[in-house]
Trainee: 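Have a look at this one before I ask anything.
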Amino acid sequence: MPKIRKAYKVRLKTNRETESNLICFFGCARFLWNKSLAMNLERLEKGQNILWYTELAFWLRLWKRSDEYGFLKDCPSQVLQQKLMDLDRAFRDCFDRSQPLKRLPVFKRKGTGEGIRFPQGFRIENRRIFLPKIGWVGFHKSREIEGAIKNITITRKADRWYASIQTEQDIEIQNHPCESEIGIDAGIKCFAAFSDGTLVEGVNSFRRHEDTLAREQRKLARKERGSQNWKKQKSKISGLHHIISNVRSDFLHKLSTETSKSHAKVYVEGLNIRGMSASARGTVEEPGRNVSAKAGLNKSILDQGWFEFRRQLDYKLDWQGGSLEEVEYRYSSQSCSCCGHTEKENRRSQAVFVCLACGYEQHADVNAARNILTVGQTGMACGTNRISGRKQKPFRVRASKPAGNRKEVLPVAS
Ligand SMILES: [Zn+2]
């Protein structure tokens with residue numbers, strides 16, 4: 001039976017004492033990361049071999065015994081060891097030729113993307129977690145935690161503390177309960193258009209909060225940097241950013257769960273999002289056209305998280321026994337899903353599609369979704385890339401390929 005790893009993220013109910021303990025652990029872990037990283041970077045510069053986990057762990061034992069770095073003893077050893085393993089992994093990844101996008105690890109700053117991981121020593125009972133050197137901490141339980149718990153990561157975002165509980169579960173890959181197949185197109189006006197005619201409005205959480213955010217930013221600018229009021233305002237803004245990201249993530253998860261449960265096969269366009277969101281400004285000699293329009297388009301694409309939606313759809317379909325298929329079809333927005341006539345003028349505006357040959361009228365994004373479905377289904381196997389499935393490389397790697405390497409399908413002749 002295949003195993004999957006699933007994480008449950010819960011918000012902790014911390015008090016002053018737990019928080020100050022956690023802040024102390026975060027500080028120790030950050031110090032250790034930065035110190036070991038500095039050591040390794042220096043060695044790299046001198047042309048020496050860098051220190052891997054075992055050597056670094058040896059240094060850690062020495063540092064703990066010293067007067068200068070004795071404070072490291074306050075933090076659970078395993079948390080520190082996990083940090084060293086992370087650094088080890090980061091160096092291995094950056095020297096790995098198959099991951100060309102990986103760069104050297106960087107120094108960690110206080111308060112940005114920090115986390116500590118407990119590999120063992122924890123316990124979970126009902127609505128509370130026991131953490132080594134901290135004790136019992138309550139959490140907001142939104143659902144049952146299933147499977148064997150592998151590790152717990154604590155993170156902090158906008159003054160809220162979270163625990164990510166990673167579990168391992170056996171799943172039976174059965175056949176998907178439905179036989180339904182569907183094509184989905186990333187809309188411009190709406191978030192997504194389904195080939196059955198459903199249009200999903202995006203939350204556009206960023207736009208909705210944009211004005212409030214701008215107002216609060218202006219307030220921040222008027223305050224004296226570093227003052228108490230400045231800090232208060234700063235945390236208000238980060239809270240707002242946090243709300244925006246929560247709203248977005250909730251929307252995406254609900255939509256991807258629902259879609260993966262009701263359709264066995266989902267076809268999506270192999271959309272080069274990076275290309276679409278590249279700057280349209282052009283050069284001084286040759287300024288780009290429609291700069292502001294494209295900037296707006298980019299913003300809404302990035303805001304709506306189409307990429308994240310696809311990622312979620314991919315693994316959720318996998319769990320259900322379905323699959324996500326990528327269709328490379330360049331003319332999905334121009335050809336008629338009724339008769340196949342392909343012409344640029346078919347698309348009158350961003351919203352309306354009217355076929356010049358047969359007069360078929362449809363919402364432009366729904367028409368595109370229907371094309372994607374047809375191309376995916378009708379044996380154009382060379383054009384579809386199965387991106388779901390365990391044996392494939394992770395999606396991340398595929399996405400990093402330059403656009404020139406992608407397979408493209410020629411348009412169906414009209
Ligand atoms: Zn037509």
Side-chain angles (χ1 to χ4, degrees), residues 178-202 255-256 258-260 262-277 280 289-290 293-294 296-298 300-301 304 306-307 309-310 313 317 322-388 403 406-414:
C178 346
E179 283 178 359
S180 154
E181 300 192 356
I182 201 157
I184 309 180
D185 183 41
I188 289 157
K189 287 262 149 82
C190 57
F191 175 72
F194 288 60
S195 55
D196 61 4
T198 321
L199 291 169
V200 181
E201 285 288 321
L255 185 64
S256 59
E258 204 184 293
T259 313
S260 69
S262 44
H263 304 286
K265 252 188 188 172
V266 178
Y267 297 93
V268 289
E269 198 170 22
L271 183 69
N272 185 355
I273 292 210
R274 191 175 290 181
M276 277 182 89
S277 46
R289 281 184 294 170
N290 295 331
K294 281 209 176 144
L297 178 68
N298 296 342
S300 63
I301 288 176
Q304 298 189 329
W306 175 249
F307 221 60
F309 174 63
R310 275 174 47 142
L313 213 51
L317 277 162
S323 67
L324 182 72
E325 314 267 339
E326 199 178 53
V327 179
E328 296 280 355
Y329 181 48
R330 234 194 297 181
Y331 299 91
S332 62
S333 61
Q334 293 172 15
S335 64
C336 170
S337 61
C338 191
C339 70
H341 177 72
T342 305
E343 198 176 329
K344 215 174 175 179
E345 278 68 39
N346 280 347
R347 192 162 188 166
R348 293 268 171 85
S349 65
Q350 280 196 335
V352 191
F353 180 93
V354 181
C355 179
L356 290 181
C358 73
Y360 175 72
E361 218 178 307
Q362 180 59 277
H363 186 285
D365 292 328
V366 175
N367 177 66
R370 290 178 56 141
N371 281 327
I372 291 166
L373 178 66
T374 321
V375 174
Q377 280 176 333
T378 51
M380 300 195 60
C382 57
T384 60
N385 287 318
R386 203 182 128 77
I387 59 177
S388 203
R406 288 172 180 236
K407 272 187 236 161
E408 293 235 334
V409 185
L410 291 174
V412 210
S414 54

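First listed ligand is number 1; within each ligand, the first listed atom is number 1. Quick note: numbers below take in every heavy atom, side chains included, and nothing from hydrogens, waters or symmetry partners.
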Trainee: Who are the side chain to side chain contact (heavy atoms under 4.5 Å, CB included) partners of S335, not counting sequence neighbours?
Mentor: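 Partners of S335 by the side chain to side chain contact (heavy atoms under 4.5 Å, CB included) criterion, ordered by chain and then number, come out as Y329, T342, N371.
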Trainee: Taking atom OG of S323 and atom CG of L317, what is their separation to the nearest 0.5 Å?
Mentor: 7.0 Å
Trainee: Roughly how far apart are I182 CD1 and I372 CD1, rounded to 0.5 Å?
Mentor: 11.5 Å
Trainee: Who pairs with Q362 by side chain to side chain donor-acceptor pair (under 3.5 Å), at least two apart in sequence or on another chain?
Mentor: Y360
Trainee: Sequence neighbours left out, what passes side chain to side chain donor-acceptor pair (under 3.5 Å) with S180? Give chain and number order.
Mentor: H263
Trainee: Count up the protein N, O or S atoms sitting under 2.8 Å from the Zn ion (ligand 1), would you?
Mentor: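 Count of protein N, O, S atoms less than 2.8 Å from the Zn ion (ligand 1): 4.
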Trainee: Does the side chain of C336 come within less than 4.5 Å of C358's, by heavy atoms?
Mentor: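 C358 reaches C336 side chain to side chain.
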